[in-house]
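Have a look at the structure below, then the notes.
Computed from a predicted model, the values in this text were never measured in an experiment. Letters A, B, ... mirror the listed sequences (proteins, then strands); counts begin at 1.
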Protein chains: 2
Amino acid sequence: MMLDERKIKILAAVVHDYIATAEPIGSRTIARKYRIGISPATIRNEMADLEEQGYLHQPHTSAGRVPSHKGYRYYVDFLMPIKKLSAAEQALIRSIFNRRVNELEELVKEAARVISNLTSYTTLTLGPQLKSSHLKYIQVNRIDETRGLLLMVTNYGTVSHNIIDMPPTISDSDLERITNILNDNLSGKTISEINSDIMETIKTEMIEYDEILNILLEILIENLEEDAESGNVVSTGSSKMLDYPEFRDVEKAKNFFALLEQHDLITKALKSSSKPNAINVTIGVENPLTELQDFSIVTSNIIVDGKDLGVFGILGPTRMEYSKVVSILEQVTNYLVKTLSTML
Amino acid sequence: MMLDERKIKILAAVVHDYIATAEPIGSRTIARKYRIGISPATIRNEMADLEEQGYLHQPHTSAGRVPSHKGYRYYVDFLMPIKKLSAAEQALIRSIFNRRVNELEELVKEAARVISNLTSYTTLTLGPQLKSSHLKYIQVNRIDETRGLLLMVTNYGTVSHNIIDMPPTISDSDLERITNILNDNLSGKTISEINSDIMETIKTEMIEYDEILNILLEILIENLEEDAESGNVVSTGSSKMLDYPEFRDVEKAKNFFALLEQHDLITKALKSSSKPNAINVTIGVENPLTELQDFSIVTSNIIVDGKDLGVFGILGPTRMEYSKVVSILEQVTNYLVKTLSTML
DNA sequence: TTTAGCACTCTAAGCTTGAGAGTGCTAAAG
DNA sequence: CTTTAGCACTCTCAAGCTTAGAGTGCTAAA
């Protein structure tokens with residue numbers, strides 16, 4: 001990557017301007033706006049070089065230049081200024097974490113909303129994988145003659161409840177016993193460890209409750225599978241994307257919304273951002289999933305005490321305000337990790 | 001509403017054709033496609049009459065006619081054929097209700113998804129109003145040293161949980177006592193009845209748990225208020241709307257998505273469809289909310305045993321396949337009511 | 001009362017044109 | 001050797017013009 005000083009300046013100018021305007025940038029514009037001290041003609045020569053090296057791209061012969069994904073990559077890796085957030089932005093982010101919120105899910109939802117408001121891009125969140133979480137607390141209750149409630153709390157603070165059929169023959173003291181035994185045997189286990197073996201041992205211990213145990217096992221497995229295939233992805237602020245000229249064409253907009261509905265793809269995309277506790281930027285065609293190659297995605301993997309609590313992702317056009325997005329995501333991640341480590 | 005036979009035929013033809021094509025219909029088209037047995041010239045005269053009476057409308061002098069909201073209204077009230085659903089559609093609807101589902105919420109979500117798939121319009125759902133539901137079961141648990149879980153089940157089968165701070169000084173037997181007293185005093189009450197008076201009496205009964213009772217009261221009120229102002233609205237299948245020519249303009253699409261995010265408006269719109277257990281059709285400007293006057297909305301209020309369980313709404317362009325939508329919604333409502341009356 | 005005929009209107013699509021932005025190349029200047 | 005001015009060239013976009021087509025309303029005849 002040997003780019004000399006001048007080429008760097010020009011590349012930076014093109015990327016910066018294109019992010020701001022979404023219009024191809026010409027040599028004259030750069031000379032005028034970015035006072036590099038050389039004439040448009042020279043800039044033209046440099047730009048021709050940059051194009052040959054793959055950093056820029058020309059939509060058509062007489063148009064200005066647009067950054068290629070390689071250009072963005074260089075910008076993100078080496079040139080991107082660290083964007084200082086405004087006081088208002090800072091305050092908004094802090095405000096999420098000031099209120100005492102006890103539920104992970106709610107906190108994440110709030111954070112996603114704020115990120116979308118600040119960036120005007122779509123925020124994706126992938127909750128903690130049930131598979132890797134372990135049960136902290138289980139309870140079985142009766143709520144009326146025929147039905148009961150199975151309650152599970154994981155170490156990540158996620159609560160799930162399922163209404164289940166419960167034969168009227170089971171008494172309250174039975175339930176207490178079941179609850180106790182379930183807790184003794186299951187709490188501390190990850191959900192994927194709760195396989196039929198463990199259930200078998202429980203069943204031998206509680207042979208008289210065979211029926212209800214079968215139901216419980218079924219629900220556990222169902223929850224697990226549902227989670228594994230499509231994750232618990234949520235997207236926030238998708239309508240904001242319609243403001244960008246990239247989506248002026250309804251066909252494009254439709255593709256985008258269709259994409260958001262493919263939770264399996266989104267899950268894959270979010271998971272594949274690998275480095276833990278770092279901000280990851282994937283630009284356009286760098287994404288292995290072809291459906292996402294028109295977009296860029298910036299992700300942050302939230303890890304607290306070695307526990308993988310999920311992923312935040314910001315999805316936008318390749319022409320994305322990377323520096324702002326990265327700053328905001330960094331900031332939110334930090335706060336989140338700090339808050340969660342006291343919460344868990 | 002004195003329209004003679006011939007005018008009715010013409011109006012029906014215009015509405016029918018416009019719903020199918022989204023293009024203004026001319027006299028020749030009607031003569032050709034709907035063989036009414038009169039010439040285009042005569043049709044023109046009749047159409048001029050219909051326009052004068054407000055049933056049709058002409059986008060510009062040399063264009064065909066388009067139904068006005070009055071035209072749609074006449075069609076819906078008097079002309080609309082009862083659309084028989086295809087076997088496949090029937091089967092799809094039935095399939096939702098065949099699986100044994102215990103949670104209202106899940107059932108509703110499934111139903112909404114199917115409706116959207118069948119109609120390609122957006123389905124809105126408004127869950128039961130917490131305000132009018134009553135508590136069936138309350139429980140307070142400890143999940144770790146500092147936190148506990150407040151669990152509420154309403155008579156509608158909706159479950160809500162909140163993680164709360166819980167001072168370590170409170171023992172398990174304390175919790176049991178609290179749970180019992182809460183159940184004794186609160187179950188059977190609607191949430192809006194649970195005002196500070198009742199809580200005061202509980203507090204005197206349990207003077208030693210003042211701190212935690214305050215927290216609980218706060219959460220109850222919070223839940224109630226949140227519900228009252230924005231309801232628990234969910235919209236499904238919104239991206240499908242981009243297929244309609246009405247939204248070819250991105251500006252329109254943006255408005256639509258922005259509208260969907262205004263849950264208070266949607267709640268109002270769904271609630272104002274008054275007649276219980278009947279299908280309600282609100283066409284364009286008939287809607288008191290100006291933001292919704294570009295759309296039509298077909299709603300059905302789900303009432304079981306006198307309990308208002310919520311509202312289904314199908315939101316689409318005024319040029320909507322009313323007969324299909326009404327049939328589907330009718331069908332789903334029937335199944336839903338039947339299923340729920342065994343469930344509750 | 002219905003219909004054929006016709007002049008008229010309006011839109012949408014296609015075509016032309018010119019302005020504007022930008023380029024690459026060449027040759028001169030530094 | 002590098003930079004720059006100059007210039008011919010290219011391409012797009014918007015504006016204006018034209019035309020085909022669809023549809024109307026009116027009139028007069030059936």
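One finds a side-chain N or O of B:Thr29 lying less than 4.0 angstrom from the OP1 or OP2 phosphate oxygen of D:dG23. Between A:Arg28 and D:dT4, a side-chain N or O to OP1/OP2 separation shorter than 4.0 Å is absent. For C:dT3, one of the phosphate oxygens OP1 or OP2 lies less than 4.0 angstrom from a side-chain nitrogen or oxygen of B:Thr42. For A:Thr61, no side-chain nitrogen or oxygen approaches OP1 or OP2 of C:dT23 to under 4.0 Å.
Heavy-atom contacts from other residues, nucleotides or ligands closer than 6.0 Å to CZ of B:Arg28 number 12 or fewer.
Here the side chain of B:Ser39 is nearest to one of C:dA4, D:dT24, C:dT23, namely C:dA4. Between D:dT24, D:dT4, C:dG24, one nucleotide has an atom nearer to the side chain of A:Gln58 than all others, and that is C:dG24.
Side chain of B:Glu261 to backbone of B:Ala258: no donor-acceptor contact under 3.5 angstrom is found. Put simply, the side chain of A:Gln293 gets close to the backbone of A:Asn287: a donor and an acceptor are under 3.5 Å apart.
A:Arg44 has its CZ atom 10 Å from the C1' atom of C:dC25, to the nearest Å. Across the protein-nucleic acid pair, A:Ile36 atom CD1 and D:dT2 atom C1' stand 17 Å apart, rounded to whole Å. One can place CG of B:Asp4 at 13 Å from C1' of C:dT1, the figure rounded to the nearest angstrom. Taking atom CG of residue B:Asp17 and atom P of nucleotide D:dA22, one finds them 15 Å apart after rounding to whole Å. If you measure from atom CG of A:Asp49 to atom P of C:dC25, you get 12 Å, rounded to the nearest angstrom. Between A:Ile25 atom CD1 and C:dG22 atom C1' there is a gap of 12 Å when expressed in whole angstrom units. Going from atom CZ of A:Arg32 over to atom C1' of C:dA21 covers 10 Å, rounded to whole Å. In this structure, CD1 of B:Ile43 is placed 10 Å from P of D:dT24, rounded to the nearest angstrom.
Remark on DNA chain D: of its neighbouring residues B:Arg65 and A:Pro40, the 5'-side contact belongs to A:Pro40, judged by nearest-heavy-atom nucleotide.
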Show which side-chain atoms of residues 80-90 of chain B pair as donor or acceptor with protein atoms under 3.5 Å away, not counting sequence neighbours.
unit_1, atom_1, unit_2, atom_2, d
B:Ser86, OG, B:Ala88, N, 3.4
B:Ser86, OG, B:Glu89, N, 3.1
B:Ser86, OG, B:Glu89, OE1, 3.4
B:Glu89, OE1, B:Ser86, N, 2.8

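The pair B:Lys252-B:Glu246 does not meet the salt-bridge criterion, since no charged nitrogen lies less than 4.0 angstrom from a carboxylate oxygen. With respect to B:Lys240 and B:Asp243, no salt bridge is recorded, no charged nitrogen being found less than 4.0 Å from a carboxylate O. Salt-bridge annotation for B:Lys268 and B:Asp264: absent, with no side-chain N of the basic residue lying under 4.0 Å from a carboxylate O of the acidic one.
Taking the six-membered ring where tryptophan is involved, the planes of B:Tyr244 and B:Tyr121 are essentially parallel, since the angle between them stays under 30° and well short of 60°.
Paired regions of DNA chain D, where each region holds three or more successive Watson-Crick or G-U pairs whose two hydrogen-bonding distances fall under 3.5 Å, are C:1-30 with D:1-30.
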Please list, for nucleotides 12-19 of chain C, all pairs of protein and nucleotide N/O atoms separated by less than 3.5 Å.
none

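Between the side chains of B:Ser116 and B:Thr236, not a single donor N or O lies within less than 3.5 Å of an accepting N or O. Side chains of A:Tyr55 and A:Asp49: no donor on one and acceptor on the other come within 3.5 Å.
Contact annotation for A:Ala41: base contact, defined as any heavy-atom pair under 4.0 Å involving a base atom.
Not a single donor-acceptor pair, N or O on each side, falls under 3.5 Å between the base of C:dT23 and the side chain of A:Ser62.
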